[in-house]
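Inspection log for the structure reproduced underneath, given as structure tokens.
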Amino acid sequence: MYQFKLPDIGEGTHEAEIIQWRVKVGDTIREDDPLVEVQSDKATVDLPSPVDGVVTNRIGNEGDLAIVGSVILEIDTGGQVAALAPVVSDNTAVAPPTGAAPAPAPAPVASESSYPLVHPQDVDIRTLAPPRVRRYAREKGIDLRTVAGTGKSGLITMADVELAHLRPPVSTSPAVTHTAVAAAPAAALPAVTAPPAAPLAPPAAAGVVAAPAIASPVSAAPLALRQGERREAMSPIRKATARAMVHAKATVPHVTVFDRADVSALVAHRNRLKPLAQARGIKLTYTPYIIKAAVAMLRRHPHLNAYADMDAQEVVYRSSCNISVATNTDQGLFVPVVQEADRLSLFDIAREVDRLGEVAKAGQLTVDHMRGGSLTITNVGGIATGGVWSTPIINVPEPIIIGIGRIEGEFLPDEDKQPVLRDVLKISFGFDHRIIDGVAAQLGLNDLKAFLSDPDLLFAEA
Amino acid sequence: MVVGDFAREADLIVIGSGPGGYVAAIRAAQLGRKVIVVERDQMGGTCLNVGCIPSKALISAGHHFAAASTKGLFGVTATKTTIDFTATQKWKNEQVVGRLNKGVAALLQKNGIEVIKGEAHFIDTQTLRIVLDETQGQSYTFKNCIIAVGSRPLELSIAPLGERILDSTGVLALPEIPKRLTIVGGGYIGMELAGAYADLGSAVTVLEAMDRVLAGFETDLVAPVLKHASARGIKIVTGARLTGTKVNDGTVTATYLVGEEEHMVTSDYLGICVGRVPNTDELGLEMTGIHVDERGLIPIDAQCRSAVPAILAIGDVVAGLPLAHKASYEAKVAAAVLSGDKAAALDYAAIPAVCYTTPEVAVTGLTYSEAIAKGFTAKKVKFSLASNGRALSIAEATGFVRLVVDENSLRLLGAQVVGPQASELIGELTLAIENLMTCDDIVATIHAHPTLNESIMDVAEAALGYGIHQ
């Protein structure tokens, strides 16, 4: 019996949503046949079968979250046919009921890349906890094999499960896991598809298997609708966004510093360069400049080009400056990364930002497009009618997010304390206070402002 | 049958109104679904009409008659005990089965469930046709369907059912107490019926093909049953393979082989109790793409879903012990699944199984051998009912309670009981096993005296090494 476990689809994510089953119990499948379409925070992937065989058990329903490493499919590859978990087959024609024919252990689940097992991998979870606690674990999506029991003889209690539920998600690789920026970072692989129809009967009928490794959203009793109200199921991207946002806010201590930079010189510089850029087929916006300024800041403050790995209790320093750019599309907000921006010229950056924008609009961003960012630049003032400050949500695991407002005329005092109309850019500089303290942040921000205020300096240092 | 009528739209259709079907229907209705139950026969299914309930009623009647006929029991002697079996059957059919029929119907009505009398056949994965009679039928589309059609007695081609050759349903419905009754099949159904009619005064023979009757129970559990059967004059032939039957005028002769030797037994009736088959062959399942396995069972996942996710299956049509309480358990899970409960799942460790012979046998959880095979460091402890006060006071002090215990944690892994009220005693034991209780949990709980139930506390105490009454 081959047990197909949900693989880590490449970003160290803890769990993935089952979007659509491609097979059902009883189907004969060949190696490489698609088994199931899953979505994690960033990508939708079809998982191929590694074996030939007949599907004997399918664990989890469309719409459920499955934990990476858990068994989601069982395939009979032609060896002995095991009884379908958890019901036993003991229905011979003459045999009276044998008292000792209980349901065999629920489908064994492995959860290698999530939390460490504190019980043997093939333990029968019915020996770890009574039914009430097992059900609670299913509701909370907790694999009981990863929970140490504090009850008598190591029994797992409700409180133990509750505590386990509050554990932070584990990421095994430093690549972007649950991320959030100003909005959703979900992407498609290869293309963003509209979420498939929710399962059959209303209300959404989805069950979670006895194997407690499947996490499902808790179904609380829905509040009754009032006159005129209506409900709509959340799309997978919306769900992914919601999860990512909650995670970012819950785990990262955000501090946002509001500041402004006098960018009159920058405005003039861009105006001069625009026709030159156009001649080279480039639409020159302020974004490449801001990226350049961010790169310059990071080069002068390499300790800001790092991120926290709280599980290892280490700070990881990056070797290149990769700048994420929040990009709005019809399907949602995505955050592709201009990789190694420190090696690119201003025009190169502009071309790359353009290109990524096209890819994003076409719904073809992949996981790799959105990986490895040092910090994110997000346009918070784009459609505002007045310059704004904001408190953008950090794109985990990046330590910094720079919210760019509108460039507007403001009267600032000159050397003679006379009001002069200058072009001013409002900056909302958000950072992760686990690894960046206020002073370091302000020093970085000071340099960022300096670079934005003086294109000559930017050219010299970036 | 008119093809192409307008299909009515249904929300949830439950096929079958037995302990699986009616429980699923009521629970689903409680949870907000709009439910239709389709039943082709009597409300309440096999269990209520031709299974669990009527057999227990007859068994009770048999016990009562046998006790009343026993001279000197409690000092009581009746000079002549008579039985009006017509009255017995009338009581069973009206006061027991009939009341429960009405009860199930009332419960379904109370929960706003529509009941359609007819036979359901699938047309496709979301459409059923319900045949109401020879000419009328109605199609229904459904969002979900629960298949709870149960099972029927297995028939043997060499023993075609008729006036003298009966299945378990027929044996339960006999109009008079047979002078001689032969039962083919020494499983729990055959042995229960054999015991009932022996108590009622029949000369009963049981023919069992395996080397022992009640082969699913450990031998020491069956020994007291055999002893009592022998005292009642029940003749049990093991290793007996039925080779032919012949209906005569008013009798039936069964021919069987024991080894190479041929034997014959003639009786008034021959009961065929060799097992049951799921009713999955009459549903039109092939129209849904759902394939049954080689035993006719529908494969399901832990949410009771078949290969077609909208169609669930429970009870005797799915694998596991073909017991009414298993069907009811699965029914509640299925109903929860179909109401959006994402944590609902088939998830139990212990399921009790009871045999209503005299004495009763009941088991739950693991046997000692099974526990060892699973890698537990297990021990088994037995407590005889011979010294239980209550057992003595009802003059039924035979039997024992056995616990299978994990030596390290002292948790209950399994339990087996033979003796009076074993069917009731198994409840506490199943509760303890399922909830991972230990022997000291049981001992720490006060058990009433004088009861048979306190023997559970006694055996748990013995397992801890300091039994008072052991």
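Each chain gets a letter, A, B and so on, in the order the sequences are listed, and its residues count up from 1.
Atom CZ of A:Arg132 sits in a sparse spot, with 12 or fewer heavy atoms from other residues, nucleotides or ligands closer than 6.0 Å. For A:Glu229, the CD atom is densely surrounded, since the number of other residues' heavy atoms within 6.0 Å is greater than 12.
Using a 4.0 Å cut-off between charged side-chain N and carboxylate O, B:Arg33 and B:Asp11 make a salt bridge. With respect to A:Glu232 and A:Arg230, a salt bridge is recorded, a charged nitrogen being found less than 4.0 Å from a carboxylate O.
Of the listed residues (A:Ala129, A:Gly154, A:Gly26), the one with the most heavy-atom contacts under 4.5 Å to chain B is A:Ala129. The residue among B:Leu221, B:Asp441, B:Leu413 with the most heavy atom pairs within less than 4.5 Å of chain A is B:Asp441.
Contacts between B:Tyr368 and chain A at a heavy-atom distance below 4.5 Å are absent for every atom of the residue.
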